[in-house]
Asks: 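The following block contains the structure, expressed as structure tokens.
As a basis for the values below, the full set of heavy atoms in this structure was taken, side chains included, without hydrogen atoms, waters or symmetry mates. Note that the structure is predicted; figures quoted are calculated from it, not measured. All chains are named by letter (A, B, ...) in the order of the sequence lines, taking the proteins before the strands, and each is independently numbered beginning at 1.
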Amino acid sequence: MRTSWADSVSAAENTAAGSSANDGVGSSSRHAKSSYVPPHLRNRPSSSDLPAPGPAPGPAPALVPAPAPAPALSGSSSSNDRPGYGAALGGNRWGGPRSDVGRPGYGSGGRFGGGGGGWNNNRGGWDRGREREVNPFGDDVDTEPEFSELENTGINFDAYEDIPVETSGENVPPPVNTFAEIDLGEALNQNIRRCKYVKPTPVQRHAIPISLGGRDLMACAQTGSGKTAAFCFPIISGIMNGQFPQRPRGARTVYPLALILSPTRELSCQIHEEARKFSYQTGVRVVVAYGGAPINQQLRDLERGVDILVATPGRLVDLLERARVSLQMIRYLALDEADRMLDMGFEPQIRKIVEQMDMPQPGVRQTMLFSATFPKEIQRLASDFLSGYIFLAVGRVGSSTDLIVQRVEFVHESDKRSHLMDLLHAQKANGTHGKQSLTLVFVETKKGADSLEHWLCMNGFPATTIHGDRTQQEREQALRSFKSGATPILVATDVAARGLDIPHVAHVVNFDIPNDIDDYVHRIGRTGRAGKTGLATAFFNESNASLARALAELMQESNQEVPAWLTRYAARSSYGGGGRNRRSGGRFGGRDFRRDSSFNRGGGGTDYHGGGNSSGYGAAPGGYGGGGYSSAWD
DNA sequence: AAAAAAC
């Protein structure tokens with residue numbers, strides 16, 4: 001009923017502040033968590049809007065989302081909010097047979113009509129509305145890739161082969177070696193072919209079966225490892241195949257089934273673009289919402305229907321407070337770059353979104369948490385947000401390959417500009433032109449970015465810049481202009497350090513070296529994407545001494561040539577307790593802390609079924625090994 | 001210390 005959900009939302013608003021006494025740490029047991037009812041949902045007549053907790057998410061058959069009883073939305077008289085491409089399908093896993101009438105004007109009959117679940121599915125009927133959908137692949141939609149084309153994409157799949165992977169948790173579903181082994185459905189398979197993906201990356205090989213098995217997932221993986229597809233495929237497949245209760249449709253509020261949170265606007269845009277490709281002609285609607293852009297277009301997009309919502313936290317909180325979005329129907333939650341989001345101070349907003357609005361509990365929804373590192377704060381988040389999860393650690397991309405050639409050059413502060421100029425001239429002369437060869441230059445400050453951009457332009461190098469002082473429009477324009485090659489040099493702050501997938505970045509220059517080795521790893525990860533080779537040059541001088549040790553170790557680890565002078569710096573800084581990097585010596589961003597006997601919370605899932613190579617663990621001198629997680633590193 | 005993120 002309209003009043004029902006409206007009340008729910010307004011109640012949520014009214015009590016959000018007071019409900020922050022959420023149990024937080026210490027209730028990692030899923031039973032404790034699943035019986036928890038958020039304050040704003042207590043005392044509701046029939047608790048009819050929130051699905052009751054489902055049974056323990058044990059090994060479930062593939063393609064079955066985490067089970068949950070029906071929420072039995074009372075009296076809603078309208079259908080779900082997506083344009084239907086669907087044919088009816090029997091049975092409704094979430095809500096049982098429904099008698100609701102389909103929303104007129106869309107598709108071919110009620111998607112929930114007449115006892116049929118009515119969600120489109122890949123076994124038929126979804127194509128009836130295909131003309132409606134803008135083709136995200138451009139012109140070559142119906143071009144089936146030739147085998148030779150596949151080889152020409154430049155994706156070096158062998159480069160992924162020796163990336164170490166480790167899993168732990170109870171009953172870990174075995175990894176797959178090909179997409180064909182997984183029944184993702186024909187529509188999705190076709191999109192995978194259109195994307196020219198031939199073979200799953202390591203994170204995909206493991207994460208997709210885990211997720212399709214209905215399990216929660218904590219994954220330590222770098223961007224560039226194929227994460228986006230790893231969480232999108234199971235979500236899209238689950239939505240296509242799953243039966244969901246009818247979503248109430250008020251005039252304004254929409255009820256997505258999946259939520260993907262990411263730290264930056266550009267990353268959200270990128271995930272949205274990728275997810276749209278993956279969901280092309282599946283009938284699954286993906287919408288993005290982020291700040292800095294006019295909200296009206298986003299509201300219109302939402303009103304046209306949303307299954308998967310990709311968002312940055314701030315804008316989502318805004319939408320939730322305006323009651324334009326309800327999380328009541330969320331079945332899939334993915335948090336990307338979780339460590340980054342915490343670094344950026346998003347924890348309160350994320351906890352508000354996940355714990356204090358109307359999102360179903362862990363175990364009812366399926367949750368995937370992605371993070372490059374696994375520090376204490378993320379472990380806490382994992383305990384609070386996940387239920388009986390599987391831990392997956394994928395080695396750093398590039399850690400065991402030579403995909404990225406790293407160079408470190410000693411450049412005094414005052415020489416940096418002319419040195420950069422030399423590099424750019426050399427690059428120009430090297431004959432790489434004709435083909436786009438993009439250079440991404442990282443600097444420390446927004447001011448520095450502007451002034452370097454200006455200087456480059458004055459000196460005949462078309463450059464643009466991206467940083468947080470620019471408007472969202474300027475940022476997006478800069479990114480477009482860079483990607484297109486119109487300005488083949490992009491000067492950036494760390495806003496662009498993580499996750500952005502820009503093809504053809506041949507060279508990453510760390511004009512200013514970051515203070516955190518993780519940031520360095522992320523920055524150089526903007527090149528050498530998808531198995532292509534790339535070059536990363538860092539300008540090192542005295543002011544970077546504190547990073548010398550971590551940098552030298554990282555380079556050594558990835559089979560790079562470490563200059564003798566850097567080794568000397570590294571030796572010096574190691575005495576002074578420098579190199580406070582978080583994970584030197586390891587090839588993973590973290591390890592499953594549940595394996596440590598000292599960590600006792602009574603939560604389940606301490607069994608270790610490690611099938612992977614664990615040699616990257618334990619060697620960390622002050623990493624996460626050893627059980628004690630003192631905060632000495634912060 | 002700087003960066004990012006809602007209006």
Side-chain angles (χ1 to χ4, degrees), chain A residues 13 16-17 223 259-272 287-299 301-302 309-325 335-354 356-357 371-372 377 413 440-453 465-476 478-479 490-500 510-523 526 541-547 578 580 634:
Chain A
E13 283 185 54
T223 44
L259 174 64
I260 300 170
L261 287 175
S262 89
T264 66
R265 298 162 181 175
E266 281 78 9
L267 192 50
S268 284
C269 284
Q270 180 183 301
I271 293 169
H272 171 241
V287 174
V288 67
Y290 54 87
I295 202 167
N296 285 332
Q297 181 58 43
Q298 292 173 11
L299 289 174
D301 285 345
L302 287 168
L309 176 60
V310 185
T312 49
R315 177 56 61 92
L316 178 59
V317 167
D318 188 7
L319 291 167
L320 291 169
E321 284 172 348
R322 292 173 188 228
R324 298 303 294 256
V325 171
L335 292 104
D336 201 12
E337 306 275 353
D339 51 352
R340 180 69 165 176
M341 290 202 273
L342 295 199
D343 282 350
M344 289 165 63
F346 280 155
E347 182 160 4
Q349 284 160 87
I350 289 170
R351 286 195 179 270
K352 176 169 187 175
I353 291 165
V354 177
Q356 294 160 28
M357 302 304 286
S371 179
E377 307 79 60
E413 208 60 42
L440 183 51
V441 183
F442 281 105
V443 295
E444 195 63 28
T445 66
K446 295 181 276 198
K447 259 180 149 175
D450 279 335
S451 89
L452 183 58
E453 177 220 10
T465 181
I466 183 167
H467 59 70
D469 272 357
R470 306 201 80 196
T471 68
Q472 191 57 25
Q473 217 174 10
E474 288 171 329
R475 283 161 59 161
E476 283 168 22
L479 210 49
L490 179 66
V491 183
T493 61
D494 268 329
V495 68
R498 297 198 184 203
L500 287 191
N510 273 294
F511 190 89
D512 299 320
I513 291 180
N515 293 315
D516 187 327
I517 192 69
D518 289 331
D519 289 335
Y520 173 84
V521 172
H522 277 284
R523 287 177 177 190
R526 297 314 97 207
N541 59 40
E542 300 85 355
S543 62
N544 309 115
S546 64
L547 202 76
R580 43 177 268 284
D634 305 312

Asks: Write down the distance between NZ (A/K447) and P (B/dA3), rounded to a whole number of angstrom.
Replies: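 Rounded to whole Å, this separation is 10 Å.
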Asks: Does A/D494 reach a base, just sugar-phosphate, or nothing at all? Heavy atoms under 4.0 Å.
Replies: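 Contact class for A/D494: none.
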Asks: Output, in order, the C-alpha distance, side-chain angles, deciding distance and verdict of side-chain hydrogen bond (donor to acceptor under 3.5 Å, both in side chains) for A/S268 and A/T312.
Replies: CA-CA 7 Å; A/S268 284; A/T312 49; 5.1 Å; no
Asks: Quickly work out the A/D343 CG to B/dA3 C1' distance and round it to whole Å.
Replies: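 Nearest whole value for this atom pair: 10 Å.
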Asks: Is a side-chain N or O of A/D512 found less than 3.5 angstrom from the main chain of A/E444, in a donor-acceptor match?
Replies: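 Checked: pair present.
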Asks: Specify the separation, in whole Å, of atom CZ of A/R470 and atom C1' of B/dA5.
Replies: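 Rounded to whole Å, this separation is 18 Å.
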Asks: How far apart are the C-alpha atoms of A/D450 and A/H467, what are their side-chain angles, what is the distance that settles it, and do they pass the side-chain hydrogen bond (donor to acceptor under 3.5 Å, both in side chains) test?
Replies: CA-CA 9 Å; A/D450 279 335; A/H467 59 70; 2.9 Å; yes
Asks: In whole Å, what is the span from the CZ atom of A/R523 to the C1' atom of B/dA2?
Replies: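 That distance rounds to 10 Å.
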Asks: Which whole-number value in Å describes the distance from A/Q349 CD to B/dA6 P?
Replies: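 Atom-to-atom, A/Q349 to B/dA6, this comes out as 8 Å.
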Asks: Closest approach to the side chain of A/K446, judged atom by atom: which nucleotide of B/dA1, B/dA3, B/dA6 is it?
Replies: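 So the side chain of A/K446 is nearest to B/dA3.
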Asks: Classify the nucleic acid contact of A/A293 as base, sugar-phosphate or nothing, counting any heavy atom under 4.0 Å across all strands shown.
Replies: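 Touches sugar-phosphate only.
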Asks: Could you go step by step and tell me if A/D318 and A/R324 meet the salt bridge (Lys or Arg N to Asp or Glu O under 4.0 Å) rule?
Replies: CA-CA 9 Å; A/D318 188 7; A/R324 298 303 294 256; over 6 Å; no
Asks: Looking only at side-chain atoms of A/F346, point me to the closest of B/dA5, B/dA4, B/dA6.
Replies: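 The listed nucleotide nearest to A/F346's side chain is B/dA5.
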Asks: Does B/dA4 have its OP1 or OP2 closer than 4.0 Å to a side-chain nitrogen or oxygen of A/T312?
Replies: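 For B/dA4, OP1/OP2 do not have a side-chain N/O of A/T312 under 4.0 Å.
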Asks: To the nearest angstrom, how far is A/N296 atom CG from B/dA6 atom P?
Replies: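 Between P of B/dA6 and CG of A/N296: 16 Å.
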Asks: Would you mind reading off the distance between A/M341 atom CE and B/dA3 atom P, rounded to a whole angstrom?
Replies: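 Spelled out: CE on A/M341 to P on B/dA3 is 21 Å.
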Asks: Under 4.0 Å: is that the gap between some side-chain N or O of A/R265 and OP1 or OP2 of B/dA6?
Replies: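 The answer is yes; a side-chain N or O of A/R265 sits under 4.0 Å from OP1 or OP2.
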Asks: Please tell me which of the listed nucleotides, B/dA2, B/dA5, B/dA4, lies nearest to the side chain of A/E444?
Replies: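 Nearest to the side chain of A/E444 among the choices is B/dA2.
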Asks: Quick one: is A/T445 getting a side-chain N or O under 4.0 Å of the B/dA1 phosphate, OP1 or OP2?
Replies: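 Answer no for this pair, as no side-chain N or O of A/T445 is under 4.0 Å from OP1 or OP2.
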Asks: Could you check which of B/dA4, B/dA6, B/dA1 has an atom nearest any side-chain atom of A/N515?
Replies: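 It is B/dA1.
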Asks: Looking across every strand, which nucleic acid part, if any, lies under 4.0 Å from A/R340 by heavy atom: base, sugar-phosphate, or nothing?
Replies: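 Touches nothing.
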Asks: Does A/G345 reach a base, just sugar-phosphate, or nothing at all? Heavy atoms under 4.0 Å.
Replies: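 It contacts nothing in the nucleic acid.
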Asks: Would you list the atom pairs, donor with acceptor, under 3.5 Å between side chains in residues 288-298 of chain A and any protein atom, with sequence neighbours excluded?
Replies:
unit_1, atom_1, unit_2, atom_2, d
A/Y290, OH, A/E476, OE2, 3.0
A/Q297, OE1, A/R300, NH2, 3.0
A/Q297, NE2, A/D301, OD1, 3.1
A/Q298, OE1, A/Y290, N, 3.3
A/Q298, OE1, A/R315, NH1, 2.8
A/Q298, NE2, A/Y290, O, 2.9

Asks: Measure from CE on A/M357 to C1' on B/dA6 and round the result to the nearest Å.
Replies: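 My rounded result for the distance is 14 Å.
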